[in-house]
Amino acid sequence: MLVTWVLVAVGGTAVGVVTAHAADQVFAQQRAERTPVHAVLLDDVPRTATSEMGRELASARVRWTNSDGSTHSGMTLVSTGKKAGSTVRIWIDAQGKLSTQPPTPGKAAVEAGLFGASAALALSGVVFGIGGVGRLYLDRRRIKEWDREWSLVGPQWGHKTS
């Protein structure tokens, strides 16, 4: 049991920290590679749309110009009620393709922490499971050993009548 607890404490902490650090690096890379650009709506965006996190959003076609002067178009989510020709802010990756907005440093820290905690809990579950199986094996072996010893010693304790 001591080994199980040590593995959970040390291994869980290590896995959690490594996972959180890796996730934070990915989010930082996303912030570095993605840039906001202004795009022009090609279609009107109706008011009847789905709500996502308190914002009314709809899918719409947009056109934007990359820093190299090339023009692109694609579909993205925009706020509802906008007319064709309106300017909206979109995010593009290093290749100039549409992408999602990268998480802010604060949101990235929270997500990285959640990933780290999840990884630590997953490792803990695996270690506790293996520890439980190991304990079951050792308990069964101990009971068999006690049974074998009792079969040798037990008859010597019996009462003899004369």
A.B. asks: After noting the C-alpha distance and the side-chain angles of Ile90 and Val37, does the key distance pass the side-chain contact (heavy atoms from CB on, under 4.5 Å) rule?
C.D. replies: CA-CA 6 Å; Ile90 62 169; Val37 295; 3.4 Å; yes
A.B. asks: Taking all non-hydrogen atoms of both residues into account, name the closest pair between Ile92 and Ser99 and its distance.
C.D. replies: C-OG, 3.7 Å
A.B. asks: Give the minimum heavy-atom separation between Pro103 and Ala108, together with the two atoms involved.
C.D. replies: CB-N, 4.0 Å
A.B. asks: Strictly distance-based, threshold 3.5 Å: is any side-chain N or O of Thr19 a donor or acceptor partner for the main-chain N or O of Gly16?
C.D. replies: no
A.B. asks: Can you spot which of Arg148, Arg142, Arg141 makes a side chain to side chain donor-acceptor pair (under 3.5 Å) with Glu145?
C.D. replies: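 Checked Arg148, Arg142, Arg141 against Glu145; only one passes side chain to side chain donor-acceptor pair (under 3.5 Å): Arg148.
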A.B. asks: Can you get from Val10 to Leu2 by hopping between Ile, Leu, Val, Met, Phe, Trp and Tyr side chains that sit under 4.5 Å apart?
C.D. replies: yes
A.B. asks: Say you draw a straight line from CZ of Arg63 to CG of Leu42; how long is it, rounded to the nearest 0.5 Å?
C.D. replies: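 It is 5.0 Å, given to the nearest 0.5 Å.
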A.B. asks: Using modelled atom types and a 3.5 Å cut-off, is there a donor and acceptor pairing between side-chain atoms of Arg61 and backbone atoms of Asp43?
C.D. replies: no
A.B. asks: Of all the heavy-atom pairs spanning Gly12 and Leu123, show the shortest one and how long it is.
C.D. replies: N-CD2, 3.4 Å
A.B. asks: Is there a donor-acceptor pair under 3.5 Å between the side chain of Asn66 and the backbone N or O of Ser70?
C.D. replies: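 No; judged by distance alone, with no hydrogens or angles, the pair does not exist.
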A.B. asks: Just by distance, no angles: are the side chains of Gln29 and Gln25 close enough, under 3.5 Å, to form a donor-acceptor pair?
C.D. replies: no
A.B. asks: Counting C-beta onward and ignoring hydrogens, is there a side-chain heavy-atom pair between Val40 and Trp64 closer than 4.5 Å?
C.D. replies: no
A.B. asks: So Val88 and Val62, side-chain contact (heavy atoms from CB on, under 4.5 Å) or not? Walk me through it.
C.D. replies: CA-CA 8 Å; Val88 294; Val62 294; 4.1 Å; yes
A.B. asks: Would you name the heavy atoms of Asp24 and Ala112 that are closest together and state the gap between them?
C.D. replies: N-CB, 3.9 Å
A.B. asks: With the side chain counted from C-beta on, respond yes when Gln101 and Arg89 share a heavy-atom pair under 4.5 Å apart, and no when they do not.
C.D. replies: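 Counting from C-beta outward, Gln101 and Arg89 do come under 4.5 Å.
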A.B. asks: Are Val8 and Val17 co-members of a hydrophobic cluster defined by side-chain heavy atoms under 4.5 Å apart?
C.D. replies: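 Val17 and Val8: separate clusters.
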A.B. asks: Could you report the tightest heavy-atom contact between Gly131 and Thr4, atom names first, then the distance?
C.D. replies: CA-OG1, 3.7 Å
A.B. asks: For Thr100, is there any backbone N or O sitting under 3.5 Å from a side-chain donor or acceptor partner on Arg34?
C.D. replies: yes
A.B. asks: Can you list the steps and then say if Val78 with Leu41 is a side-chain contact (heavy atoms from CB on, under 4.5 Å)?
C.D. replies: CA-CA 9 Å; Val78 296; Leu41 280 173; 4.0 Å; yes
A.B. asks: With side chains defined as the heavy atoms from C-beta onward, is the minimum distance between Pro102 and Phe27 less than 4.5 Å?
C.D. replies: no
A.B. asks: Do Leu7 and Trp5 belong to the same hydrophobic cluster, where Ile, Leu, Val, Met, Phe, Trp and Tyr are linked whenever their side-chain heavy atoms lie under 4.5 Å apart, directly or via other members?
C.D. replies: yes
A.B. asks: Start with the C-alpha gap between Met1 and Arg135, add the side-chain angles, then the distance that decides, and say whether side-chain contact (heavy atoms from CB on, under 4.5 Å) holds.
C.D. replies: CA-CA 8 Å; Met1 289 307 299; Arg135 183 175 175 195; 3.8 Å; yes
A.B. asks: So which heavy atom on Val45 is nearest to which on Ser79, and how close?
C.D. replies: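 In this case the closest contact between Val45 and Ser79 is CG1-O, 3.7 Å.
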A.B. asks: Side-chain contact, heavy-atom cut-off 4.5 Å: Glu33 with Asp93?
C.D. replies: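 They are not in contact (no side-chain heavy atoms under 4.5 Å apart), so the answer is no.
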A.B. asks: Are Ile130 and Phe128 connected, step by step, through hydrophobic side chains (Ile, Leu, Val, Met, Phe, Trp, Tyr) whose heavy atoms are closer than 4.5 Å?
C.D. replies: no
